[in-house]
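Fair warning: this is a prediction, and the values are worked out from it, not measured in the lab. Here is how names work: the chains are called A, B, and so on, in the same order as the sequence lines, proteins then strands, and each is numbered from 1.
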Amino acid sequence: MARIAAPRGTADILPDDARRWQALENAMRDVFARYGYGEIRTPIFEHTELFARGIGEDTDVVEKEMYTFEDRGERSLTLRPEGTAGAVRAYLERRLDTEPQPVKLWYAGPMFRYERPQAGRARQFHQLGAECIGTMDPAADAEIIAMAASLFRRIGLADYELHLNSIGCPQCRPAYVRKLREALEPVRDSLCKSCQDRFERNTLRVLDCKRESCRAATQDAPSILDSLCEECADHFATVRRYLDELGIEYVINPRLVRGLDYYTKTVFEFLSPVLGAQDALGGGGRYDGLVETLGGPPTPAVGFAAGMERILLAAEGTLRGEAAALDAYVATLGDAGRRVGVVLAERLRRAGLRAELDYMGRSLKAQMRQANRLGAKTVLIIGDDEAKAGTVQLRDMESGDERTVGVDEAVHVLQEKRGEK
RNA sequence: GUGGGUGUAGCUCAGCUGGUUAGAGCGCCAGGUUGUGGCCCUGGAGGUCGUGGGUUCAAGUCCCAUCACUCACCCCA
């Protein structure tokens with residue numbers, strides 16, 4: 001029979017790797033809790049409409065990257081490509097807008113985007129993120145950024161750059177876009193093909209192009225930061241002031257534009273130099289129009305999301321999973337020893353110890369080797385003699401010391417030993 | 001969607017210009033002890049050489065296609 005491989009762009013996380021994931025998740029939970037965010041778990045799939053409207057019809061994500069399917073009831077559903085839309089949907093549907101504002105939520109889980117996989121990019125990947133909904137206070141922007149930075153610090157990830165920008169609001173952005181178009185019009189023909197397309201559909205994105213030729217052509221383009229309305233300019237200045245006061249370093253990048261349509265005012269990205277071409281660890285920003293777009297009352301909000309695989313990649317050297325040490329390995333010989341051993345292992349486990357025993361009919365020697373491999377601190381050897389006498393050979397794997405003790409004492413000794421560290 | 005690279009044991013790879021039973025290291029299993037680990041020694045299991053076609057007396061080795069992986073573009077997490 002032909003074997004079936006995991007679908008393209010998906011990955012299995014095996015036990016050794018899973019330990020690092022758990023370490024990240026533990027750090028994440030602790031950090032989010034400190035900042036007062038509560039976890040929200042929303043569906044993995046939503047109505048396609050939610051993403052189409054929320055993220056924006058003209059974005060790459062909606063245009064060509066969604067896993068969309070029709071269910072048996074002929075509903076168009078989509079595997080979530082990001083987390084914000086679902087969180088905001090839940091905020092409205094579950095009437096979190098009637099609770100004291102702001103509502104602070106975090107989430108983590110799989111996201112799906114149909115793209116060609118490469119380093120740091122997969123079709124099923126995982127994001128952790130947080131949303132602070134209901135306040136326009138610039139301190140909330142700073143809090144979200146500080147929280148992300150705090151998580152990175154917590155896992156020893158220090159090698160990154162925080163890029164910051166403001167892309168204005170519906171009051172000031174249109175005027176800037178017009179100005180930008182005018183400025184770019186003369187050099188339009190020298191832009192790359194996709195930028196010529198961007199020029200038409202989403203002019204801001206031209207600034208974000210990585211091609212040398214496009215960067216050169218837009219060299220002298222006006223900066224959006226010079227065109228912000230008073231409110232946006234004030235907001236941005238205040239966010240910056242808070243970040244300065246919090247000691248969070250950043251670089252102003254007037255070319256930073258995000259790929260999703262819902263952003264307003266503050267946008268930011270954490271870039272890592274060790275990630276290769278896909279260098280964004282995470283990013284986010286303010287989305288003051290999204291709640292309304294999704295049918296709610298005008299509600300300001302700010303949030304961020306980061307790629308868990310990318311974090312794990314970037315924190316390769318510093319974030320380690322704990323190798324669960326084995327307290328005891330029960331090695332048995334003969335039928336009587338075996339019977340006693342099976343029961344003893346269970347007894348150790350009920351006593352809160354990690355215990356393992358052989359299921360492959362291994363020789364004692366092989367059992368010892370296995371115990372060593374598993375990092376067992378102690379091996380309890382039970383042969384027919386011990387079974388008859390109600391004793392075990394207690395072998396300390398580090399020192400090699402071995403002695404005969406009664407079963408009760410053995411359990412006691414192991415518990416003591418465990419408590420010591 | 002476009003382009004480059006790669007596909008040989010569980011893993012990392014070697015197989016020269018096509019030529020007899022496809023190799024190494026690591027890992028795995030067993031033995032070296034009659035009831036004992038880490039080091040060492042010995043032996044063993046394990047491969048439709050990604051898949052399908054083609055060229056040839058002969059293909060892991062050449063050609064085509066296809067799939068997968070990978071890197072980059074695009075976009076972003």
Side-chain angles (χ1 to χ4, degrees), chain A residues 2-11 14 55 58-65 80-84 108-129 148 192-195 197-198 202 205 208-211 214 256-260 267 269-272 275-284 304-314 326 329 331-334 337 358 360-387 392-402 404:
Chain A
R3 297 226 216 148
I4 298 170
R8 181 161 214 203
T10 66
L14 272 22
I55 299 171
D58 286 340
T59 59
D60 279 13
V61 171
V62 171
E63 231 167 44
K64 48 188 194 193
E65 295 173 3
R80 64 183 187 191
E82 57 96 54
T84 303
M111 305 292 166
F112 306 83
R113 264 126 90 159
Y114 189 88
E115 293 188 273
R116 281 283 282 270
Q118 69 182 79
R121 193 169 76 185
R123 291 184 172 180
Q124 174 174 164
F125 59 101
H126 299 75
Q127 284 188 338
L128 55 87
C192 69
K193 255 193 298 228
S194 53
C195 275
D197 186 49
R198 289 190 189 111
N202 197 339
R205 305 275 288 282
D208 204 30
C209 189
K210 285 170 196 151
R211 284 172 200 273
C214 294
L256 176 62
V257 178
R258 308 232 63 221
L260 311 183
V267 293
E269 252 172 38
F270 289 90
L271 271 16
S272 163
L275 286 183
Q278 307 306 316
D279 62 351
L281 278 170
F304 91 99
M308 298 178 76
E309 286 84 353
R310 290 186 187 178
I311 291 175
L312 257 9
L313 222 53
L326 193 61
Y329 187 95
T332 69
L333 280 153
D358 174 59
M360 298 305 291
R362 288 184 169 93
S363 64
L364 180 62
K365 177 191 175 109
Q367 289 183 64
M368 293 301 293
R369 199 184 306 125
Q370 178 67 0
N372 184 245
R373 240 184 324 223
L374 294 175
K377 295 204 171 43
T378 307
V379 173
L380 307 183
I381 302 164
I382 307 164
D384 290 340
D385 297 345
E386 288 82 0
V392 303
Q393 290 290 323
L394 198 66
R395 182 183 179 85
D396 183 301
M397 290 298 273
E398 204 172 331
S399 64
D401 295 342
E402 195 167 310
T404 306

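For the P atoms, the distance from B:A14 to B:C73 is 27 Å, rounded to whole Å. Comparing the P positions of B:C74 and B:G50 gives an interatomic distance of 33 Å, to the nearest angstrom. With both ends at atom C1', the span from B:C39 to B:G32 equals 14 Å, rounded to whole Å. Comparing B:C26 with B:A58, their P atoms sit 39 Å apart, to the nearest whole Å. When the P atom is used for both B:G19 and B:A72, the distance is 36 Å, rounded to whole Å. Between the P atoms of B:G37 and B:U33, the separation comes to 11 Å (whole Å).
Evaluation of the side-chain contact (heavy atoms from CB on, under 4.5 Å) rule for A:Pro110 yields A:Ile44, A:Arg80, A:Phe112, A:Gln124, A:His126 as partners, not counting sequence neighbours. Residues satisfying the side-chain contact (heavy atoms from CB on, under 4.5 Å) criterion with A:Lys365, sequence neighbours excluded, are A:Ser363, A:Arg369. Partners of A:Gln278 according to the side-chain contact (heavy atoms from CB on, under 4.5 Å) rule, which considers only residues two or more places apart in sequence or in another chain, are A:Gln118, A:Arg121, A:Arg310.
Counting any heavy atom pair closer than 4.0 Å across all strands shown, A:Arg362 reaches sugar-phosphate atoms only and no base atom. Here A:Arg205 lies in heavy-atom contact (under 4.0 Å) with sugar-phosphate atoms only. Counting any heavy atom pair closer than 4.0 Å across all strands shown, A:Leu281 reaches sugar-phosphate atoms only and no base atom.
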**OP:** I would like to know whether A:Leu394 and A:Leu380 meet side chain to side chain contact (heavy atoms under 4.5 Å, CB included); could you show each step before the answer?
**Re:** CA-CA 5 Å; A:Leu394 198 66; A:Leu380 307 183; 2.8 Å; yes
Original post:
Do A:Glu269 and A:Leu256 pass the side chain to side chain contact (heavy atoms under 4.5 Å, CB included) test, and can you show the C-alpha distance, the side-chain angles, and the key distance before you say yes or no?
Top reply: CA-CA 8 Å; A:Glu269 252 172 38; A:Leu256 176 62; 3.6 Å; yes
Original post:
Where do A:Tyr329 and A:Asn372 land on the side chain to side chain contact (heavy atoms under 4.5 Å, CB included) test, with the steps shown first?
Top reply: CA-CA 9 Å; A:Tyr329 187 95; A:Asn372 184 245; over 6 Å; no
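Spacing between atom NE2 of A:His126 and atom C1' of B:A77 amounts to 12 Å, rounded to whole angstrom units. A:Glu82 has its CD atom 11 Å from the C1' atom of B:A77, to the nearest Å.
Minimum interatomic distance between A:Arg205 and A:Arg258 (heavy atoms only, all atoms of both residues): CD-O, 4.1 Å.
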**OP:** For nucleotides 33-50 of chain B, just jot down a letter per nucleotide in 5' to 3' order: B, S or -, based on protein non-hydrogen atoms under 4.0 Å.
**Re:** --BBBB------------
Subject >> Heavy-atom protein contacts under 4.0 Å, nucleotides 68-74 of chain B, coded B base, S sugar-phosphate only, - none >> reply: -SBSBBB
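For the pair A:Leu374 and A:Gln370, the minimum side-chain heavy-atom distance is below 4.5 Å. Looking at A:Leu333 and A:Asp384, their side chains never come closer than 4.5 Å, going by heavy atoms from C-beta outward. Side chains of A:Arg123 and A:Tyr114 form a contact here, defined as non-hydrogen atoms less than 4.5 Å apart. A 4.5 Å side-chain heavy-atom check between A:Leu281 and A:Leu271 finds every atom pair outside the cut-off.
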Original post:
Under a 3.5 Å cutoff on both atom distances, Watson-Crick or G-U, what's the dot-bracket for RNA chain B ([ ] crossing, | other strand)?
Top reply: (((((((..((((.....[...)))).(((((.......))))).....(((((..]....))))))))))))....
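When the side-chain nitrogen and oxygen atoms of A:Ser363 are compared with OP1 and OP2 of B:G31, one or more of them lie within a distance under 4.0 Å.
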